[in-house]
Amino acid sequence: MFEEERIQVENLIKKYCKKENLPELQLQWTWIPFSGHWGISTSMFALAAANARQKQLKSNIPEIATRLAESIADYLGLPVGFEKVEATKGYLNLYFSQSEYFHQVIDLVIRDSKTYGHLENKNELVMVEFSQPNTHKAFHVGHLRSAILGDTLARILEFAGYEVIRSNYPGDMGLHVIKWLWCYLNFHLGEKPEQDITHWMGEIYSEANDRLYENPELEKEVRILYKRWDDRDPEVVNLWEETREWSLQGFYQMYETLGIRFDRYYFNSQMEKPGKEIVQELIDKKIAIDERPEGAVIIKIDEILGLNKEKYRVFVVLRSDGTALYATEDLALAKKKFDDYPQLSRSLYVVDVRQSLHFQQVFKTMEIAGYPWSGRCQHIAYELVNLPGNVVMSSREGTIVLLEDLIREATQRAYQVVQQKNPDLSDDKKMETAKAIGIGALKYPMLARENTKIVTFDWESALDFNGQAAPYIQYAYVRTGSIIRKAGGEITQSIKPEYELTAQETELIDVISRFPREVERSATEFRPIQIANYAYDLAKKFNDFYAQCPVLQVESHIRSARLRLVMATRQTIENSLALLGITAPEAM
RNA sequence: GCCCCUGUAGCUCAAUGGAUAGAGCACCGGACUUCUAAUCCGAUGGUUGUGGGUUCGAGUCCCCCCAGGGGCGCCA
């Protein structure tokens with residue numbers, strides 16, 4: 001928006017520089033940071049400094065910048081599309097024509113509606129792998145972060161013009177699964193989960209750990225069972241298949257509730273064989289050293305690269321007994337993704353920060369082995385969700401908050417408020433609204449935080465719906481709906497307002513116009529926090545407007561203009577909430 | 001020992017290298033006869049961990065420290 005006008009001004013400034021024999025610099029434009037105004041701004045400090053350097057002048061840069069800004073402002077006069085040009089403290093500020101800007105921004109939003117902010121097709125295919133839950137374990141609040149972060153990144157990347165494949169990688173085999181099967185076979189044979197599947201699965205896993213802790217001599221039964229799995233004993237395989245399916249059904253339910261979908265499932269258990277093949281290939285290529293049976297199969301990455309410092313360390317890719325490690329399987333998975341989608345421009349892994357070294361090792365190994373796509377793999381690291389006192393959530397330690405419990409609690413609390421404020425809604429509608437609010441409230445704090453910062457979970461703040469939180473944004477959305485409904489379906493034409501806009505109106509339009517830029521930035525930096533903060537900012541500006549500017553009870557031309565502003569706000573809130581995976585409710 | 005992350009208001013967190021470092025929570029004082037008060041307005045609150053450097057300009061970039069967290073050969 002206003003690109004043409006900006007370029008015109010830029011050309012004028014370049015002309016001025018040539019005329020005055022000033023160095024030519026790329027101008028950096030920012031937004032005028034003062035509230036109640038809108039327009040673009042550029043500083044003259046860089047130009048002043050470059051000029052001083054070039055001419056060997058020793059002088060006060062801010063002073064020169066101020067004079068430069070002043071003479072350029074004089075030179076420019078009043079370019080088309082702007083209503084004021086101002087030089088102050090070394091900055092050149094160009095204020096947009098209010099009615100022109102209003103008209104352009106609002107028309108664009110209303111015209112594009114659901115696609116407002118959607119960027120041009122980038123013709124790139126990106127895979128986002130996220131969630132990676134372990135079957136036969138509980139699904140707790142810690143797991144929520146990867147699921148939500150990955151889902152939101154996928155939404156943002158899609159909106160930013162990428163084609164996205166969402167993939168999941170459940171951990172459906174490993175020691176935890178064998179322990180679970182052992183416990184089930186001995187103490188729960190014949191039982192089946194009913195509701196809260198992942199909860200029930202988690203209970204048995206936890207029981208297995210307790211029993212083994214109390215009676216360590218039973219470990220040998222677990223080892224025997226693991227051997228039976230390795231030999232593909234039909235009884236074990238069948239039981240594994242059946243119980244694994246229970247867990248997966250539990251996950252599907254959870255994703256359904258959270259509004260998360262996947263295009264592609266890769267399973268840990270399917271990567272075992274191809275992983276071992278890659279390890280053999282690495283041994284054949286003399287990249288990996290086979291120290292079996294005394295030692296494992298290892299790769300001395302630093303040595304291969306000739307690094308003096310320890311950076312990639314030693315990477316263990318196969319156990320000394322020949323069984324697969326997580327690392328073995330991750331080598332296969334990386335390759336499998338590019339076998340399936342050779343045109344992937346990026347393969348992203350949304351996995352917690354503790355595995356940073358692991359992924360560096362995986363990607364670097366594939367690079368050494370000569371796979372050309374290795375540079376397109378990238379780990380998107382995020383910090384953990386801990387309990388107060390920096391206590392890590394762990395199924396084995398029993399220090400977990402179950403996702404089912406949290407969702408139930410949040411939804412119930414939201415339901416009570418809906419019940420109180422909207423008693424006339426049907427019960428289905430109340431429940432639907434409560435879910436939108438409760439789940440939104442859980443998602444938001446995980447997104448409105450830097451990926452690299454730890455989230456501390458406590459019940460009180462998780463269930464606090466006030467302040468900077470999803471319900472605040474949803475409430476602003478509901479308010480826009482009320483106004484439009486009360487206007488009675490009035491048709492509003494494109495309009496250039498002919499009255500002095502209030503500060504609240506200018507700021508609101510300014511924020512609306514920023515949306516596409518926020519999408520771009522959020523996508524290139526893989527940071528949903530940009531959108532989370534943006535959505536809040538937008539809602540806040542609307543609430544300011546709501547408090548100060550009556551829409552329905554004003555003269556008709558103001559009413560028409562404001563009604564359009566409300567419509568555009570509503571659309572932009574809706575679009576930004578959609579990127580966060582948060583439902584915009586009709587009533588609250 | 002090596003590597004990564006974090007350090008900003010009492011607490012939780014923001015801030016494309018730019019103008020006066022901003023929100024929420026908490027606390028205190030106000031605003032529903034109005035388009036939904038899950039809202040709004042006001043007040044209080046800062047040596048951006050320390051010390052250097054780069055730059056016209058540093059919370060932001062670089063270096064040394066300090067503090068906390070995480071990772072480093074057969075866990076996932």
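Keep in mind the model is a prediction, meaning the values are calculated, not measured. In what follows, chains carry the letters A, B, and so on, assigned in the order in which the sequence lines appear, proteins first and then strands, with residues in each chain numbered from 1.
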Task: Inter-nucleotide C1' distance (C28(B), U44(B)), Å rounded - done: 8 Å
Open item on the list: Heavy atoms only, 4.0 Å cut-off, all strands: where does Val392(A) land among base, sugar-phosphate and nothing?
Closed with: nothing
- [ ] Could you check whether Glu460(A) gets within reach of a base, just the sugar-phosphate, or nothing at all, counting any heavy atom under 4.0 Å?
- [x] nothing
- [ ] Taking atom C1' in both C56(B) and U48(B), compute the distance separating them and give it to the nearest angstrom.
- [x] 22 Å
Task: Side-chain donor/acceptor contact of Arg319(A) with base of C74(B) under 3.5 Å - done: no
Open item on the list: In whole Å, I'd like the distance from the NZ atom of Lys300(A) to the P atom of G73(B).
Closed with: 14 Å
Task: Glycosidic conformation of C32(B), taking syn as within 90° of 0 and anti otherwise - done: syn
- [ ] Would you mind reporting whether Leu577(A) and Thr583(A) have side-chain heavy atoms less than 4.5 Å apart?
- [x] no
Task: Side-chain N or O of Lys453(A) closer than 4.0 Å to phosphate OP1/OP2 of C5(B) - done: no
Open item on the list: Taking the C1' atom in each of G59(B) and G22(B), what is the distance between them to the nearest angstrom?
Closed with: 12 Å
Open item on the list: A cation-pi test, strictly: NZ or CZ of Arg145(A) under 6.0 Å from the centre of the six-membered ring of Tyr382(A) and no more than 45 degrees from its axis. Yes or no?
Closed with: no
Open item on the list: Taking only side-chain N and O atoms of Arg527(A), does any of them lie within less than 4.0 angstrom of OP1 or OP2 on A15(B)?
Closed with: yes
Open item on the list: Heavy atoms from C-beta onward define the side chain here; which of G70(B), A14(B), C25(B) lies closest to that of Arg354(A)?
Closed with: G70(B)
Task: Between G17(B) and U12(B) - C1' atom distance, rounded Å - done: 27 Å
- [ ] Return the nearest nucleotide to the side chain of Arg449(A); candidates are U55(B), U12(B), A76(B).
- [x] U12(B)
Open item on the list: Using atom C1' in both nucleotides, what's the gap between U8(B) and A23(B) to the nearest angstrom?
Closed with: 13 Å
Task: Assigned partner base of G1(B), Watson-Crick or wobble definition, under 3.5 Å - done: C72(B)
Task: Rounded distance (Å) that lies between atom P of U6(B) and atom CD of Glu383(A) - done: 9 Å
Task: Closest-nucleotide ordering on RNA chain B, the 5'-leading residue of Gln468(A) and Val417(A) - done: Gln468(A)
Task: Non-hydrogen side-chain atoms of Pro170(A) and Gln132(A) separated by less than 4.5 Å - done: no
Open item on the list: Can you tell me whether the side chain of Ser41(A) and the base of A19(B) have a donor-acceptor pair closer than 3.5 Å?
Closed with: yes
- [ ] Write down the distance between CG (Asn51(A)) and P (C56(B)), rounded to a whole number of angstrom.
- [x] 13 Å
Task: Mate of G17(B) where both pairing distances stay under 3.5 Å, Watson-Crick or G-U - done: none
Task: Heavy-atom closest pair, residues Leu149(A) and Leu447(A) - done: CA-CD2, 4.3 Å
Open item on the list: If you count every heavy atom of other residues, nucleotides or ligands that lies below 6.0 Å from Lys430(A) atom NZ, does the total exceed 12?
Closed with: yes
Task: Euclidean distance, atom CD of residue Gln360(A) to atom C1' of C72(B) [Å, nearest integer] - done: 11 Å
- [ ] Using a heavy-atom cut-off of under 4.0 Å over every strand shown, decide if Gly295(A) touches base, sugar-phosphate, or nothing.
- [x] base
- [ ] May I ask whether Tyr91(A) stacks on the base of G18(B), given the cut-offs of 5.5 Å between ring centres and 30° between planes?
- [x] no
Open item on the list: Quick test of your reading of the model: are Arg67(A) and Glu70(A) salt-bridged, counting only N-O distances below 4.0 Å?
Closed with: no
Open item on the list: Any non-hydrogen side-chain atom of Met44(A) less than 4.5 Å from a side-chain atom of Thr42(A)?
Closed with: yes
Open item on the list: Any base atoms under 4.0 Å from Asn308(A), or only sugar-phosphate, or nothing? Heavy atoms, all strands.
Closed with: nothing
Open item on the list: Let's see if you can work this out: which of C56(B), G1(B), G24(B) has an atom nearest to the side-chain heavy atoms of Glu310(A)?
Closed with: G1(B)
Task: Any side-chain heavy-atom pair of Ile380(A) and Phe130(A) under 4.5 Å - done: no
TODO: Could you measure between the two P atoms, the one in G1(B) and the one in U60(B), and give it in whole Å?
DONE: 27 Å
Open item on the list: Heavy-atom nearest nucleotide on RNA chain B for Asp464(A) versus Leu318(A): which residue maps closer to 5'?
Closed with: Asp464(A)
- [ ] Mind checking Val566(A) for me? I need base, sugar-phosphate or nothing, with any heavy atom below 4.0 Å counting as a touch.
- [x] nothing
Open item on the list: Determine whether the aromatic ring of Phe45(A) stacks with the base of G18(B), defined as ring centroids separated by less than 5.5 Å and ring planes inclined by less than 30°.
Closed with: yes
Open item on the list: Would you measure the distance from the C1' atom in G69(B) across to the matching atom in G53(B) and give it in whole Å?
Closed with: 28 Å
Open item on the list: Within the structure provided, determine whether Thr480(A) and Met567(A) are in side-chain contact (heavy-atom separation under 4.5 Å).
Closed with: no
Open item on the list: Side chain of Pro550(A) only, heavy atoms from C-beta on: which candidate in C35(B), C13(B), A19(B) is closest?
Closed with: C35(B)
Open item on the list: Heavy atoms only, 4.0 Å cut-off, all strands: where does His358(A) land among base, sugar-phosphate and nothing?
Closed with: base
Task: C3(B) base / Arg313(A) side chain donor-acceptor hit below 3.5 Å - done: no
Task: Contact under 4.0 Å: Thr452(A) side-chain N or O vs U6(B) OP1/OP2 - done: yes
Listed pairs, N/O of protein and of nucleotides 40-46 of chain B, under 3.5 Å:
unit_1: C40(B); atom_1: OP1; unit_2: Tyr472(A); atom_2: OH; d: 2.4
unit_1: C41(B); atom_1: OP1; unit_2: Asp544(A); atom_2: OD1; d: 3.2

Task: Backbone N/O of Leu387(A) and side chain of Thr399(A): donor-acceptor pair under 3.5 Å - done: no
Open item on the list: Need one value for Lys311(A): base, sugar-phosphate or nothing, where a base atom within 4.0 Å counts as base even if backbone is also close, heavy atoms only.
Closed with: nothing
- [ ] Identify the heavy atoms of Thr152(A) and Leu580(A) that sit nearest to each other, and give their distance.
- [x] OG1-O, 3.7 Å
Task: Any Asn466(A) side-chain N or O less than 4.0 Å from OP1/OP2 of U39(B) - done: yes
TODO: Step through the shown structure and confirm whether more than 12 heavy atoms of other residues, nucleotides or ligands are within 6.0 Å of NZ on Lys276(A).
DONE: yes
Open item on the list: The side chain of Ala46(A) is closest to which nucleotide in this list: C56(B), G73(B), C72(B)?
Closed with: C56(B)
Task: Summary of protein contacts for nucleotides 60-68 of chain B, nucleotide by nucleotide, where a base hit scores B, a sugar-phosphate-only hit scores S (4.0 Å, heavy atoms) - done: ---------
Open item on the list: Can you confirm whether the side chains of Glu10(A) and Trp29(A) place a donor and an acceptor under 3.5 Å from each other?
Closed with: yes
- [ ] Consider the side chain of Val316(A), meaning its heavy atoms from C-beta on, and name the nucleotide among C25(B), U12(B), G73(B) that approaches it most closely.
- [x] G73(B)
TODO: Can you tell me the distance, in whole Å, between the CG atom of Asn60(A) and the C1' atom of U55(B)?
DONE: 15 Å
Task: Gap between atoms CG and P, on Leu325(A) and C75(B) respectively (whole Å) - done: 6 Å
Open item on the list: Using a 6.0 Å distance limit plus a 45 degree cone around the ring axis, check whether Arg244(A) lies over the aromatic ring of Phe267(A).
Closed with: yes
TODO: Using Watson-Crick or G-U wobble geometry with both distances below 3.5 Å, tell me the partner of G29(B), or none.
DONE: C41(B)
Open item on the list: Nearest whole Å is fine: how far is C74(B) C1' from Tyr226(A) OH?
Closed with: 13 Å
Open item on the list: Using atom C1' in both nucleotides, what's the gap between U50(B) and C11(B) to the nearest angstrom?
Closed with: 23 Å
Open item on the list: Applying a 4.0 Å non-hydrogen cut-off, can you work out what Ala50(A) is touching in the nucleic acid: base, sugar-phosphate, or nothing?
Closed with: nothing
Open item on the list: Between C1' on C11(B) and CD1 on Ile454(A), what's the gap in Å once rounded to a whole number?
Closed with: 16 Å
